[in-house]
Amino acid sequence: MIDPIRMVVGAMLWLILGVATAQTAGAGIKGTAHDPGIWSFGFEQQVCVMCHAPHNTNTQGPLWNRAANNTNYTLYASSTMNASAGQPGSVSKLCLSCHDGTVGILDYGGATGGMTLAEANSCTNPLGCSTVLGTNLSNDHPVGITYDAALATADKGLNDPSTKTVTIGSTVSKSGTIATTLLSSGKVECSSCHDVHNIYTVAGSTGTSKGLVKVGMAGSSLCLQCHTK
C-alpha cells in the first residue's frame with residue numbers, strides 16, 4: 001500500500017518545480033527543485049538520500065539509491081544528422097529516472113509504487129509539462145551520441161570537441177574543452193547542458209538562464225558552444 005505522505009509529496013512536486021528555480025548558481029543543491037528539504041514535510045531532511053546513499057545501493061549510478069531505470073526510449077532521428085543517436089547513457093538514465101515519468105518520485109531506499117512525475121504534474125497545461133519528457137525522445141535534443149573530432153570533420157556545423165574551449169558556470173566556473181567540460185565518456189548526455197548539482201550553472205531563474213544550465217541561453221550561447229551557425 002502506498003504511503004499517503006509519499007503521494008501528497010508527489011502531488012505537490014509540480015508546485016515545487018515551479019517555485020524552486022530561484023536558486024543561486026554555484027550554491028549547490030540546497031534550495032533547488034532537487035532538494036527535498038524545501039518540501040517542508042519534516043520527514044526528510046537529507047538532501048542527498050533521494051538519489052544517493054552509502055549502503056545497499058544499486059550500480060546504475062554512483063551509490064544510486066533510486067529504483068533502477070531500464071526503459072528503452074524512442075530516439076530522435078534526422079536525415080541531416082551525421083551521427084546516430086543511441087539509447088541514453090547511464091548518466092542520462094539517472095536524470096530520466098524521474099523525468100521520463102516511469103519511476104516514482106519517491107521510489108528510493110527500496111520503496112516502489114510511488115507517484116511519478118507525470119502523475120504529479122498532470123500536464124493539462126502544456127507549459128507545466130516541460131519537466132516530463134516521457135519515453136518518446138524523438139522531439140528532444142538527442143543524447144547518447146559520440147561527439148568527437150571525426151564527427152566534427154564530417155559535420156562542418158560542429159566545433160571540434162577536443163580543441164574548442166568553453167566556460168561553464170557563473171558564480172563558480174571552470175573552462176576546458178567541450179570534451180572535458182560538457183561530454184560524458186565522449187558522448188552528449190543530459191549532463192552536457194545541465195548540472196544536476198547546481199555547481200557549474202549560470203545565474204538567474206528565468207528567461208536566459210533557467211533549468212540548471214551550464215551556459216546561458218542569451219544569444220543561443222549554450223547551443224553555440226557545440227554548433228557553429
Side-chain angles (χ1 to χ4, degrees), residues 34 51-52 57-64 66-103 130-169 172-202 209-217 219-229:
H34 293 151
C51 292
H52 307 283
T57 55
N58 69 55
T59 59
Q60 195 164 48
L63 292 173
W64 196 239
R66 297 186 54 73
N69 178 3
N70 299 312
T71 304
N72 284 319
Y73 297 90
T74 302
L75 303 177
Y76 178 90
S78 171
S79 60
T80 64
M81 287 179 61
N82 291 93
S84 298
Q87 287 293 316
S90 59
V91 66
S92 291
K93 281 204 167 185
L94 302 186
C95 304
L96 289 165
S97 68
C98 270
H99 288 283
D100 68 3
T102 62
V103 177
S130 60
T131 58
V132 185
L133 299 178
T135 60
N136 183 350
L137 303 182
S138 63
N139 59 351
D140 298 288
H141 190 290
V143 294
I145 289 178
T146 297
Y147 180 14
D148 54 17
L151 179 61
T153 298
D155 187 338
K156 302 304 182 184
L158 292 174
N159 290 311
D160 184 339
S162 65
T163 59
K164 172 66 163 60
T165 299
V166 301
T167 298
I168 59 175
V172 179
S173 63
K174 70 176 180 179
S175 298
T177 64
I178 292 172
T180 59
T181 58
L182 299 183
L183 303 185
S184 175
S185 299
K187 293 188 175 184
V188 176
E189 301 289 356
C190 298
S191 58
S192 296
C193 295
H194 306 277
D195 181 354
V196 65
H197 294 122
N198 189 37
I199 302 299
Y200 297 107
T201 52
V202 292
S209 54
K210 63 181 180 179
L212 298 174
V213 290
K214 293 181 174 181
V215 179
M217 290 301 296
S220 298
S221 182
L222 177 60
C223 306
L224 293 174
Q225 302 306 308
C226 297
H227 298 272
T228 57
K229 300 297 179 186

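Since this is a predicted model, take the numbers as computed values, not measurements.
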List the steps, then state whether side chain to side chain contact (heavy atoms under 4.5 Å, CB included) holds for L133 with D140. CA-CA 8 Å; L133 299 178; D140 298 288; 3.7 Å; yes
Between D148 and S162, is the side chain to side chain contact (heavy atoms under 4.5 Å, CB included) condition met? List the steps. CA-CA 7 Å; D148 54 17; S162 65; over 6 Å; no
Could you tell me whether the side chain of K214 and the main chain of S191 form a donor-acceptor pair under 3.5 Å? yes
Apply side chain to side chain contact (heavy atoms under 4.5 Å, CB included) to the pair K187 and Y147, showing each step before the final yes or no. CA-CA 5 Å; K187 293 188 175 184; Y147 180 14; over 6 Å; no
Of the non-hydrogen atoms in N58 and A68, which two are nearest, and what is the gap between them? ND2-N, 4.2 Å
Side chain of T181, backbone of T167: donor and acceptor closer than 3.5 Å? no
Is there a donor-acceptor contact under 3.5 Å from the side chain of E189 to the main chain of S184? no
Could you walk me through whether N136 and S138 pass side-chain hydrogen bond (donor to acceptor under 3.5 Å, both in side chains), step by step? CA-CA 6 Å; N136 183 350; S138 63; 2.5 Å; yes
Between I178 and V166 the two heavy atoms that sit nearest each other are CG1-CG1, 3.8 Å
Within the side chain of H194, is there an N or O that forms a donor-acceptor pair under 3.5 Å with the backbone of G211? yes
Is the shortest side-chain heavy-atom distance between S192 and L183 below 4.5 Å? yes
Can you find a heavy atom in the side chain of L94 that is under 4.5 Å from one in the side chain of C51? no
Looking at side-chain heavy atoms only, is the closest gap between L224 and K229 below 4.5 Å? yes
Please check this pair: side chain of N159 against backbone of Q225, looking for a donor-acceptor N/O pair closer than 3.5 Å. yes
Looking only at atom types and distance, does a side-chain atom of S78 sit under 3.5 Å from a main-chain N or O of T80, one as donor and one as acceptor? yes
Side-chain contact test, heavy atoms from C-beta onward, threshold under 4.5 Å: evaluate it for Q60 versus S90 and give yes or no. no
Looking at every heavy atom in both L75 and P88, which two are closest together, and how far apart are they? CD2-CD, 4.3 Å
To the nearest 0.5 Å, what is the distance between NZ on K174 and CD1 on I199? 10.5 Å
Quick one: are Y200 and V172 in side-chain contact, heavy atoms under 4.5 Å? yes
Please report the closest heavy-atom contact between A67 and V103, naming both atoms and the distance. CB-CG1, 3.9 Å
Which atom names give the shortest non-hydrogen contact between I168 and L182, and what distance separates them? CG2-CD2, 3.7 Å
Between the main-chain N or O of G169 and the side-chain N or O of T201, is there a donor-acceptor pair closer than 3.5 Å? no
Short side-chain donor-acceptor distance under 3.5 Å, D100 and T102: yes
For residues A152 and L158, report the shortest heavy-atom separation together with the two atoms involved. CB-O, 3.9 Å
Quick one: does any side-chain atom of S221 pair with a main-chain N or O of M217 as donor and acceptor, under 3.5 Å? no
One should read off an interatomic distance between L151 CG and T153 OG1, to the nearest 0.5 angstrom, of 8.5 Å
Just by distance, do the side chain of N69 and the backbone of K93 share a donor-acceptor pair under 3.5 Å? yes
Verify side chain to side chain contact (heavy atoms under 4.5 Å, CB included) between M81 and I145, making sure each step is shown before the conclusion. CA-CA 11 Å; M81 287 179 61; I145 289 178; 3.6 Å; yes
